[in-house]
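In what follows, every heavy atom counts, from backbone to side chain, and hydrogens, waters and symmetry copies are set aside. Throughout, residue positions are numbered sequentially from 1 according to the sequence presented.
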Amino acid sequence: MKILVCISKTPDTTAKIAFTDNNKKFADAGVQWIINPYDEWYALVRAIELKEADASTTIHLVTVGGADAEPIIRKALALGGDEAIRINLDPTDPYQVASAIAEVARGGSYDLVLTGKETIDYNNGAVGGMLAELLDMPYVALATSLQVSGNTVTVKREIEGGEETLEGALPLVLGCQKGMAEARIPNMRGIMAARTKPLKVVEASAETLTEVAEFGLPPAKAGVKLVSADNVDELVRMLHDDARVI
């Protein structure tokens, strides 16, 4: 089986969020970048588990980004990818990302394409569905379990109020989330091996269909109002008139 795992570069959750260029661009100076957790912990690790169960399985990684994304893809190689492709493009919307990956994937004859359910920066979860459409493959989102037997797959995914079990055939695009696999960390052997694993850089011709009008930070939280314990009337008034909860 041949698996393609889509890897995204995202800011660490502790990064300070700010914008530049008239609030149209994320300020990335000094930001610590990580592999998108949904891509790493669930999509990539499940691919590695499948390879451990069948040594003939190969895992290719793909990311869309500039040269600064290479440490991220190298870490993914250290975890267990066999080779990687970096599409040299600074993407501006999900369609551009999906189109660029689809262009690479068409020539790879992949049986299984795995993505995280979403990235932790924009949280739109759109790339997987777009990619499946562009590749003319079935798509299952919010997957929590994947079993492969020959050409047949069994997938469990979250639905409103419960869980759904699906069966189908490869090829398939899957959006992975919590439950799909247990997170791993690279070992020293994997880190050393990743230095020599193939990392191919290709140019992209994907177009963008949208542009950022403006980013904005959420409004600052109001300060805490303290009321003396013996001033019950004032507390009741504030709950009634200001908070409007009684």
Side-chain angles (χ1 to χ4, degrees), residues 4-47 61-66 68-69 71-73 75-76 87 89-102 113-135 139-146 155-164 173-183 204 206 208-221:
L4 180 67
V5 181
C6 303
I7 300 295
S8 301
K9 181 190 78 171
T10 58
D12 188 274
T13 53
T14 61
K16 183 179 180 180
I17 303 302
F19 305 107
T20 61
D21 192 20
N22 294 322
N23 289 333
K24 293 183 179 181
K25 186 177 180 180
F26 173 66
D28 56 7
V31 171
Q32 176 68 40
W33 299 98
I34 61 171
I35 303 175
N36 179 49
Y38 291 108
D39 301 342
E40 178 184 357
W41 299 344
Y42 310 123
L44 177 55
V45 174
R46 185 63 187 125
L61 311 172
V62 62
T63 192
V64 181
D68 58 348
I72 299 301
I73 203 73
K75 181 186 176 184
I87 302 172
L89 174 70
D90 186 13
T92 57
D93 67 14
Y95 176 77
Q96 195 177 36
V97 173
S99 297
I101 294 175
V113 180
L114 300 178
T115 75
K117 74 165 186 175
E118 62 186 4
T119 55
I120 62 170
D121 46 8
Y122 294 104
N123 300 107
N124 53 31
V127 169
M130 291 180 177
L131 182 57
E133 173 65 21
L134 292 168
L135 295 175
Y139 176 59
V140 180
L142 306 176
T144 58
S145 173
L146 167 66
V155 179
K156 292 182 180 180
R157 74 184 191 105
E158 281 190 356
I159 60 173
E160 188 68 31
E163 184 180 71
E164 180 179 43
V173 180
L174 204 64
C176 306
Q177 67 166 353
K178 185 177 180 180
M180 179 63 68
E182 293 293 330
T208 182
L209 301 182
T210 62
E211 63 180 27
V212 175
E214 184 181 11
F215 287 112
L217 295 172
K221 293 182 179 180

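- Between Ile87 and Val62 there is a side-chain heavy-atom pair separated by less than 4.5 Å.
- With hydrogens and angles disregarded, no donor-acceptor distance shorter than 3.5 Å links the side chain of Arg157 to the backbone of Thr144.
- A 4.5 Å side-chain heavy-atom check between Asp68 and Lys9 finds at least one atom pair inside the cut-off.
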Decide side-chain contact (heavy atoms from CB on, under 4.5 Å) for Asp12 and Val31; before the verdict, give the C-alpha distance in whole Å, the side-chain angles of both, and the deciding distance to 0.1 Å. CA-CA 7 Å; Asp12 188 274; Val31 171; over 6 Å; no
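- Taking CD of Glu182 as the reference point, atom CH2 of Trp41 lies at 11.0 Å (rounded to 0.5 Å).
- Atom CG of Asn36 and atom CG of Leu44 lie 11.5 Å apart (nearest 0.5 Å).
- Under the side chain to side chain contact (heavy atoms under 4.5 Å, CB included) test applied with Cys6, the options Val127, Val113, Val64 reduce to a single match, Val113.
- Looking at every heavy atom in both residues, Lys25 comes nearest to Asp21 through CB-CB, 4.1 Å.
- Once rounded to the nearest 0.5 Å, the distance linking CD of Glu164 with CD of Glu158 reads 12.0 Å.
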Steps toward side-chain contact (heavy atoms from CB on, under 4.5 Å) verdict (Thr14, Gln32): CA-CA 8 Å; Thr14 61; Gln32 176 68 40; 5.9 Å; no
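- Summarising the geometry, atom CD1 belonging to Ile72 is positioned 8.5 Å from atom OG1 belonging to Thr63; distances are rounded to the nearest 0.5 Å.
- Using a cut-off of 4.0 Å between Lys/Arg side-chain N and Asp/Glu carboxylate O, Lys75 and Glu40 are scored as salt-bridged.
- In this structure, the separation between CG on Leu4 and CD1 on Ile101 is 7.5 Å, given to the nearest 0.5 Å.
- Glu163 CD: more than 12 foreign heavy atoms inside a 6.0 Å radius.
- A donor-acceptor pair shorter than 3.5 Å can be found between the side chains of Ser8 and Asp39.
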Given Glu118 and Tyr38, is the side-chain contact (heavy atoms from CB on, under 4.5 Å) satisfied, shown in steps? CA-CA 7 Å; Glu118 62 186 4; Tyr38 291 108; 3.9 Å; yes
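- One side chain, Asp93 or Thr208, offers a donor N or O that lies under 3.5 Å from an acceptor on the other.
- Shortest non-hydrogen contact noted between Val155 and Ala143 is CG1-CB, 3.8 Å.
- In summary, of the residues considered (Leu142, Leu114, Val5), a side chain to side chain contact (heavy atoms under 4.5 Å, CB included) with Cys176 occurs for Leu114 alone.
- Summarising the geometry, atom CZ belonging to Phe215 is positioned 9.5 Å from atom OG1 belonging to Thr20; distances are rounded to the nearest 0.5 Å.
- Looking at heavy atoms from C-beta onward, Trp33 lies in side-chain contact with Asp28 at the 4.5 angstrom threshold.
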